[in-house]
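Let me begin by presenting the structure, written as structure tokens, before commenting on it.
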2 protein chains.
Amino acid sequence: MPILALMDAIDARIIRALQRDGRLTNLELAEEVGLSPSPCLRRVRNLEAAGVIQGYTALVDQKACGYPITCLVRIRLANHSQENVQAFEKKIAETEAILDCYLMTGGADYELRIVARSLDDYEQLVRHTIQKLPGIASIETSFAYGVVKKSRILPVRVEKGA
Amino acid sequence: MPILALMDAIDARIIRALQRDGRLTNLELAEEVGLSPSPCLRRVRNLEAAGVIQGYTALVDQKACGYPITCLVRIRLANHSQENVQAFEKKIAETEAILDCYLMTGGADYELRIVARSLDDYEQLVRHTIQKLPGIASIETSFAYGVVKKSRILPVRVEKGA
DNA sequence: ATTGAAATATAGTATCG
DNA sequence: CGATACTATATTTCAAT
């Protein structure tokens with residue numbers, strides 16, 4: 001589905017603006033993208049309906065919310081039986097502190113981004129949740145001790161020519 | 001700064017609700033958290049002013065925006081001179097396709113999350129942007145070929161007792 | 001097919017109790 | 001904190017390009 005093909009430069013500007021500030025009023029947005037309010041609102045609704053805009057969220061301070069620790073965790077499975085994989089992914093989905101989980105090429109099968117309230121808290125999570133899953137071959141944790149960049153703004157460019 | 005100490009159960013509910021839907025109207029939010037609109041709005045403004053709520057953003061479909069590829073890239077520096085580190089981090093900040101960059105414990109110095117329009121596009125980025133930085137010792141790329149979970153919702157729990 | 005202007009319905013915000 | 005009053009925005013309708 002080449003949704004992109006249906007997007008023009010104004011849609012791209014709308015997406016950029018709403019990533020920058022998801023609570024822009026339609027009036028502000030319309031002015032920023034050079035449209036009057038009604039067509040602007042219609043475009044936003046279309047982008048939402050098409051799934052290009054998937055939702056809106058508040059960005060919160062991890063530390064202020066009590067989660068000062070971020071770890072990136074690489075996991076290998078010993079056994080990729082359908083049961084193990086399903087049990088693993090189900091647990092991932094249920095566990096709130098696991099924010100992201102990607103299936104990866106390379107040395108690890110999965111990479112997880114996990115937040116924790118403390119090192120103890122992290123240890124508990126690993127011991128009681130992750131290590132108990134069947135078929136885990138290895139768990140390699142790296143802690144983030146600094147954040148150089150954290151952008152939620154995906155670049156949006158409309159295809160030119162080609 | 002124990003901002004947390006200043007948060008109560010209602011603030012936590014506000015944060016949860018606004019992470020789930022960053023465009024909730026104040027009326028909807030007030031009803032959801034069991035407050036009338038004016039104190040609800042006041043709390044939201046306070047959370048924003050305190051930096052607990054850092055902003056709002058639209059969540060967009062990466063593929064629909066033309067970035068189907070996500071890679072996690074571990075980088076080691078050969079040389080941690082202040083100049084190299086600054087040049088490195090400056091380039092990271094300038095490069096839109098690099099969404100996140102953490103300073104990590106363990107085998108790598110940095111881990112980056114990078115998006116790309118194609119494998120060629122990624123190769124260009126590595127060759128023309130990353131490899132050219134001074135003092136890079138190694139670059140190890142893993143591609144995400146599946147997303148098991150992608151949550152932007154940080155759990156929020158108010159300290160109990162203790 | 002998409003825009004823009006105007007009108008109505010709804011929400012945001014400040015004041016005061 | 002809650003109710004009210006006031007202002008601003010969202011959203012629909014319709015005419016025009």
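A note on names: the letters A, B, ... follow the listed sequences, proteins ahead of strands, and every chain is numbered from 1.
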- Message: Tell me the interatomic distance from A:N26, atom CG, to D:dA10, atom P, rounded to whole angstroms.
- Response: 5 Å
- Starting at atom CG of B:L27, determine the distance to atom P of D:dA8, rounded to an integer number of angstrom. 18 Å
- Round to the nearest Å and state the distance from A:R42 atom CZ to D:dT13 atom C1'. 11 Å
- Message: In whole Å, I'd like the distance from the CD atom of A:E31 to the P atom of D:dT9.
- Response: 11 Å
- Query: Is A:S38 touching bases, backbone alone, or none of the nucleic acid, heavy atoms closer than 4.0 Å?
  - Reply: base
- What is the distance from CG of B:L41 to C1' of D:dA3, rounded to the nearest Å? 15 Å
- Query: Pick the nucleotide of DNA chain C nearest each of A:C40 and B:R23; which residue has the one closer to the 5' end?
  - Reply: A:C40
- Item | Rounded distance in Å - CZ (B:R43) to P (C:dT13) | 17 Å
- Expected output: side-chain B:T70 to main-chain B:A144 donor-acceptor under 3.5 Å: no
- Applying the side chain to side chain contact (heavy atoms under 4.5 Å, CB included) test to B:I136, which of B:N79, B:I75, B:N84 qualifies? B:I75
- Where each residue is assigned the nucleotide of DNA chain C containing its nearest heavy atom, which of B:T25 and A:P37 is assigned the position nearer the 5′ end? A:P37
- Task: Please state how far atom CD1 in A:I10 lies from atom P in C:dA1, giving the value in whole angstrom units.
- Result: 18 Å
- Query: A:D8 has an atom CG; how far is it from atom P of C:dT2, in whole Å?
  - Reply: 10 Å
- Check each of B:L154, B:I53, B:I14 against B:Q19 using the side chain to side chain contact (heavy atoms under 4.5 Å, CB included) test, and report the only one that passes. B:L154
- Query: What class does the angle between the rings of A:F143 and A:Y122 fall in, given that below 30° is parallel, 30 to 60° is tilted and above 60° is perpendicular?
  - Reply: perpendicular
